[in-house]
2 protein chains.
Amino acid sequence: MSQRGRSIGRTPRRTPALIFAALGDETRLILVARLSRGKPHSISALTRGSKLTRQAITKHLRVLERAKIVRSVRTGRESLFEFDPQPIEEMKTYLNLVSRQWDNTLSRLKSFVES
Amino acid sequence: MSQRGRSIGRTPRRTPALIFAALGDETRLILVARLSRGKPHSISALTRGSKLTRQAITKHLRVLERAKIVRSVRTGRESLFEFDPQPIEEMKTYLNLVSRQWDNTLSRLKSFVES
DNA sequence: AAAAAGGGCAACCTTTTTGTTGCACATTAC
DNA sequence: GTAATGTGCAACAAAAAGGTTGCCCTTTTT
């Protein structure tokens with residue numbers, strides 16, 4: 001993902017592109033899948049079952065966190081990550097918009113052919 | 001987008017990660033938006049209205065093409081790109097799966113609390 | 001026949017991404 | 001109290017992404 005072309009200044013606003021980019025990685029999709037099953041997991045827990053190092057997983061989690069797909073809470077010595085469904089819902093809406101545009105085209109085309 | 005972690009060998013299989021990654025860029029989302037309105041556009045046409053060079057736009061189109069979000073047909077001296085809704089539909093399905101997993105968790109949690 | 005328009009390819013460059021390693025620090029377990 | 005555990009941070013390194021420029025080739029226009 002590129003970070004250029006984001007909002008100019010302040011908080012790196014959470015755009016569709018940012019969220020899609022966060023989902024655009026195999027490892028991160030696996031993390032999302034695990035976390036979306038509900039139970040929060042620590043970084044170490046999420047690292048087990050991955051071939052990557054803890055640091056790599058941490059970085060992936062930070063990417064997901066920037067996109068707000070995931071949220072972390074420090075509890076004692078471990079920081080627990082939990083899923084946040086909001087951005088996913090937003091992307092569903094976004095994709096529906098694209099679909100709808102396409103469908104409109106199709107129906108316009110259809111009525112044109114029929115006329 | 002990372003290309004590591006894709007299928008080992010043959011045709012770079014079209015995974016959810018690949019498709020999301022293709023959508024994970026502002027410029028490409030704009031291209032998709034334009035093409036999803038229906039009418040195919042040439043590279044030059046798509047370049048007009050962008051601050052980028054033709055080559056840059058071409059590269060973005062190739063990324064979208066690899067993800068099958070877009071398809072090109074050479075006609076005469078220009079190559080026309082047109083939208084293909086399939087991958088978008090697939091991603092909607094994918095996101096619904098994630099959502100559903102989350103919802104299941106919520107309802108399990110709910111019935112647990114109520115019991 | 002030229003000129004103009006649309007494109008492909010390759011070489012380069014810069015910035016991001018992705019991943020590792022080493023080390024220090026706090027919290028738990030024994 | 002010591003050892004384990006779980007993390008954070010920083011420095012690196014390698015690779016991928018995003019863009020540009022230059023050059024050449026093929027269609028269209030004039």
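Naming: A, B, ... by sequence-line order, numbering from 1 per chain. The basis for the numbers below is simple: all heavy atoms, side chains too, and nothing from hydrogens, waters or symmetry mates. Here the structure is a predicted model, which is why all the values come from computation and not from measurement.
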Can any side-chain N or O of Arg28(B) pair as donor or acceptor with the backbone N or O of Ala17(A) at less than 3.5 Å? no
From Thr93(A) OG1 over to Lys92(B) NZ, what is the distance, rounded to the nearest 0.5 angstrom? 10.5 Å
Does dT7(D) have OP1 or OP2 sitting under 4.0 Å from an N or O in the side chain of Thr58(A)? no
For residues 68-87 of chain A, which residue pairs qualify under salt bridge (charged side-chain N to carboxylate O under 4.0 Å, His left out), counting only residues two or more places apart or in two chains? Arg71(A)-Glu82(A), Arg71(A)-Asp84(A)
Thr105(A) side chain vs Arg37(B) backbone, donor-acceptor pair below 3.5 Å: yes
Atom-pair distance (CG on Leu61(A); P on dT17(C)), nearest Å: 16 Å
Check the pair His60(B) / Leu52(B) against side-chain contact (heavy atoms from CB on, under 4.5 Å), numbers first and verdict last. CA-CA 11 Å; His60(B) 282 301; Leu52(B) 303 183; 4.2 Å; yes
Using a cut-off of strictly less than 4.0 Å, decide whether Thr27(A) has a side-chain nitrogen or oxygen near OP1 or OP2 of dT18(C). no
Give a yes/no answer on whether the side chain of Ser42(B) brings an N or O atom under 4.0 Å of OP1 or OP2 in dG7(C). yes
For each nucleotide in nucleotides 22-30 of chain D, reading 5' to 3', give B when a protein heavy atom comes within less than 4.0 Å of its base, S when such contact involves only the sugar-phosphate, and - otherwise. -----BS--
Verify the contact: side-chain N or O of Arg62(A) to OP1 or OP2 of dT7(D), cut-off strictly under 4.0 Å; return yes or no. no
Just N and O in the side chain of Arg48(A): are any of them under 4.0 Å from OP1 or OP2 of dG6(D)? yes
For dG19(C), does OP1 or OP2 lie under 4.0 Å from any side-chain N or O of His60(A)? yes
Straight-line distance of Ile19(A) CD1 to Leu23(B) CG, nearest 0.5 Å: 12.0 Å
Under 4.0 Å between a side-chain N or O of Thr53(A) and OP1 or OP2 of dG19(C)? no
Which heavy atom of Ala45(B) sits nearest a heavy atom of Arg34(B), and at what distance? O-NH2, 3.4 Å
Just how large is the angle between the end axes of the helix from dA1(C)-dT30(D) to dC30(C)-dG1(D), five pairs per end, to 10 degrees? 30°
